[in-house]
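Keep in mind that the numbers below use all heavy atoms, side chains included, and drop hydrogens, waters and symmetry copies. Note that the coordinates shown come from a computational prediction; the quantities given were computed from them, not determined experimentally.
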Amino acid sequence: MEGKLLEMFEVGPCEDDYQLGFLIGQRFCNQIRSRLAGDLILQNQLLPFARTPHAQPLLKALSETNQKKFPRYWAELLGTADGSGVPIILVNFRKEILPFISKTTMNSNADTTDDCSDVLIVGDSMAVAAHNEDANVALVGHTYLIKGKLSNGLSFIAYTYAGELPSCAFGLNSQGLAFTLNSVPPVEDEIVPAGIGRNFVSRDLLEATSTADALARICSSEVSVGHSYNLIDIQKRMILNVETASKSRVSVHEVGTTPFFHANMYLHLQVQQVHDENSISRQKRAAVLPQGSKTDFLSLLGDTEDTKYPIYMTGPTLYTLCTTVIDLDERTLTIIEGNPKYGKVSHVFSMSSNELNLKLVNHAEGTHL
C-alpha cells in the first residue's frame, strides 16, 4: 500500500489562530474529507455514539474544558473545520470518547491502540531518537506537514493527521525542542471523563520554549487518558521519556547510555493498564536485536520477523506511516518513507537555526542515512 507524497504547507504569521486553522483546513480540505469518509472508527463508533442522548453531556464537557484551557487551539480547530467544510471535533477527541462507548455496541471496527515504537539513546558517541509513526490504515495518504510561523517569532514543524491539530505524532520547533509520542492503554477505571484531550497537549508542546516549559505544559494539563512523551532537547543534548495518566500523575525518565525502547505500555509510571500483546511482543523482540548504532536502530524499527506483531507494520489494520530520526549531534530531523532499514529519506530538517530549513533530498535516487 502506498500513500501520497507527504506535502508540507508553510503558514503564518496569521492575524489570529482561527485564520491559521482556516488556511490549513482550506489547503488540505480534500485529504481531510477523504480521511473522515474512510475512517471506520469515526463512521461506525464515534458518529453513532455522538447521536445518542448519553453522549451529549460528555461531548459538551469535553468541548468546554478544552476551550477554557486552550482557547487559542480551540479557535485553530474551529478554523480548520470551517476551512475544510467538515466537522472534525470527534476525531480530535477520539481517545477521550471511545472508552465511554458501550462495549456491547463495539464491533470488529473498534479502535486499536496507535502502536508507535521508539528507540532512544544519549551516549558518548551517539544521541538519537528514532520513531515509527504507526496508525490505522485509514491514515495512509491522509497526513501532511505543517510549518507554522507564529507572530511571536516561534516556528514549528508538525507531522499532522488530516483534520487533527498539529501534531498528534511528532514535531519540532525553533527553540531546539522536538517530541515523539507513544499511546499507552490505561484500564477504564484509570480514565477520567471530560478532561484535557491529548491532541491539545501535544499542540501546546509545539510552542514550548525549554524542556522545563514542556514539562510544565504536560504536568498542568489534567488529561482524561494517559500518554507517553519523548522530549528531545537539542541544546542540552537530552532526551526525557515522560509517562502521564489522569489525576495529574507523571513520571520522568532521563534516557542515558543504555538504549531505551518504548512501545505502548507504561514502563515506569505505576498505572493499571491493558495487557497489550502487540506491545509486549515488540518490547521482547527489540530486547534481542542489536542497538549499537543508528543503522541498528533503523533495522530494529524495520523488523518484521514476528509476522503477527511486527515492529514495522504493513496492515491489514495498523500501518507504519513513516519513521523519523532525530539526531541531537547532527541537529537534524529526518523523515523516512517505507521500511526504515532501507533508508529512503523524504525530508531532512535542520534544527541548527530558527528557520528549520528543509535540506535538499534527491527523491529520484532516494537518499540513505
Side-chain angles (χ1 to χ4, degrees), residues 115-134 159 169-173 175-184 205 208 210-212 214-215 218 227-244 251-269 279-303 305 310-312 320 322-336 339-343 345 347-352 368-369:
D115 292 299
C116 298
S117 299
D118 281 77
V119 58
L120 317 164
I121 190 171
V122 180
D124 293 337
S125 60
M126 175 173 64
V128 169
H131 168 87
N132 273 0
E133 184 58 36
D134 305 323
Y159 185 89
F170 58 86
L172 66 154
N173 71 19
Q175 299 294 312
L177 298 173
F179 64 82
T180 66
L181 305 173
N182 305 97
S183 178
V184 284
L205 284 181
S210 66
T211 305
L215 284 171
I218 293 171
H227 216 33
S228 174
Y229 303 87
N230 302 302
L231 300 180
I232 299 120
D233 189 324
I234 297 291
Q235 311 296 342
K236 293 184 178 180
R237 200 174 184 268
M238 179 172 67
I239 301 175
L240 302 178
N241 175 249
V242 185
E243 293 182 343
T244 69
S251 176
V252 180
H253 167 76
E254 183 169 353
V255 175
T257 57
T258 301
F260 182 78
F261 181 85
H262 202 294
N264 303 98
M265 301 288 287
Y266 286 100
L267 298 181
H268 47 92
L269 181 61
S279 188
I280 292 169
S281 295
R282 282 179 286 132
Q283 203 83 36
K284 289 180 178 178
R285 177 63 181 161
V288 301
L289 292 172
Q291 300 180 32
S293 67
K294 189 189 295 188
T295 300
D296 287 343
F297 283 11
L298 294 176
S299 293
L300 185 159
L301 292 179
D303 186 75
E305 186 69 22
I311 295 177
Y312 178 76
T320 301
C322 69
T323 299
T324 186
V325 179
I326 302 166
D327 191 311
L328 285 74
D329 295 324
E330 293 181 358
R331 300 194 169 200
T332 55
L333 183 148
T334 300
I335 299 175
I336 304 170
N339 191 308
K341 70 172 68 175
Y342 305 122
V345 173
H347 298 76
V348 181
F349 295 99
S350 172
M351 299 179 68
S352 296
H368 296 264
L369 289 178

Check the orientation of His227 and Tyr229. Use parallel for under 30°, tilted for 30 to 60°, and perpendicular for over 60°.
perpendicular
Hey, can you tell me if Phe170 and His131 have their rings parallel, tilted or perpendicular (30° and 60° cut-offs)?
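It falls in the perpendicular class, over 60°.
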Within the structure provided, determine whether [X] and [Y] are in side-chain contact (heavy-atom separation under 4.5 Å).
| X | Y | result |
| --- | --- | --- |
| Tyr159 | His347 | no |
| Ile239 | Leu328 | yes |
| Leu269 | Val184 | no |

Look only at the side chain of [X] and the backbone of [Y], and say whether a donor-acceptor pair between them is shorter than 3.5 Å.
| X | Y | answer |
| --- | --- | --- |
| Gln175 | Ala208 | no |
| Asn339 | Gly302 | yes |
| Ser228 | Asn182 | no |
| Asn241 | His253 | no |

What's the separation between atom [atom1] in [X] and atom [atom2] in [Y], rounded to the nearest 0.5 Å?
| X | Y | atom1 | atom2 | value |
| --- | --- | --- | --- | --- |
| Thr323 | Ile336 | OG1 | CD1 | 6.0 Å |
| Phe179 | Asn173 | CZ | CG | 8.5 Å |
| His262 | Asp118 | NE2 | CG | 8.5 Å |
| Ser210 | Asp233 | OG | CG | 8.0 Å |
| Leu205 | Leu231 | CG | CG | 6.5 Å |
| Thr211 | Ile234 | OG1 | CD1 | 10.0 Å |

The residue among Ile326, Leu333, Thr324 that forms side-chain contact (heavy atoms from CB on, under 4.5 Å) with Phe349 is Leu333
Closest non-hydrogen atom pair, [X] against [Y]:
| X | Y | result |
| --- | --- | --- |
| Ala286 | Gln291 | O-NE2, 2.7 Å |
| Met126 | Gly292 | CE-O, 3.9 Å |
| Leu267 | Phe261 | CD1-O, 3.5 Å |
| Arg282 | Ala263 | NH1-CB, 3.6 Å |
| Cys116 | Asn264 | O-OD1, 3.1 Å |
| Glu305 | Arg285 | CB-NH2, 3.4 Å |

Any ion pair linking Arg237 and Asp329 (charged N to carboxylate O, less than 4.0 Å)?
yes
List the steps and the verdict of side-chain contact (heavy atoms from CB on, under 4.5 Å) for Val325 and Phe297.
CA-CA 9 Å; Val325 179; Phe297 283 11; over 6 Å; no
Regarding Asp124 and Thr257, do their side chains bring together a donor and an acceptor under 3.5 Å, going by distance alone?
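Note: Asp124 and Thr257 side chains miss the donor-acceptor criterion.
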Would you check if there is a donor-acceptor pair between the side chains of Asn132 and Ser117 at a distance under 3.5 Å?
no
Of all residues at least two apart in sequence or in a different chain, which pass the salt bridge (Lys or Arg N to Asp or Glu O under 4.0 Å) check with Asp296?
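Asp296: no salt bridge (Lys or Arg N to Asp or Glu O under 4.0 Å) contacts found.
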Decide yes or no on side-chain contact (heavy atoms from CB on, under 4.5 Å) for Val242 and Leu215, but give the supporting numbers first.
CA-CA 8 Å; Val242 185; Leu215 284 171; 3.6 Å; yes
If the condition is side-chain contact (heavy atoms from CB on, under 4.5 Å), which residues does Ser352 pass it with, not counting sequence neighbours?
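Ser352 satisfies side-chain contact (heavy atoms from CB on, under 4.5 Å) with Arg331, Ser350 only.
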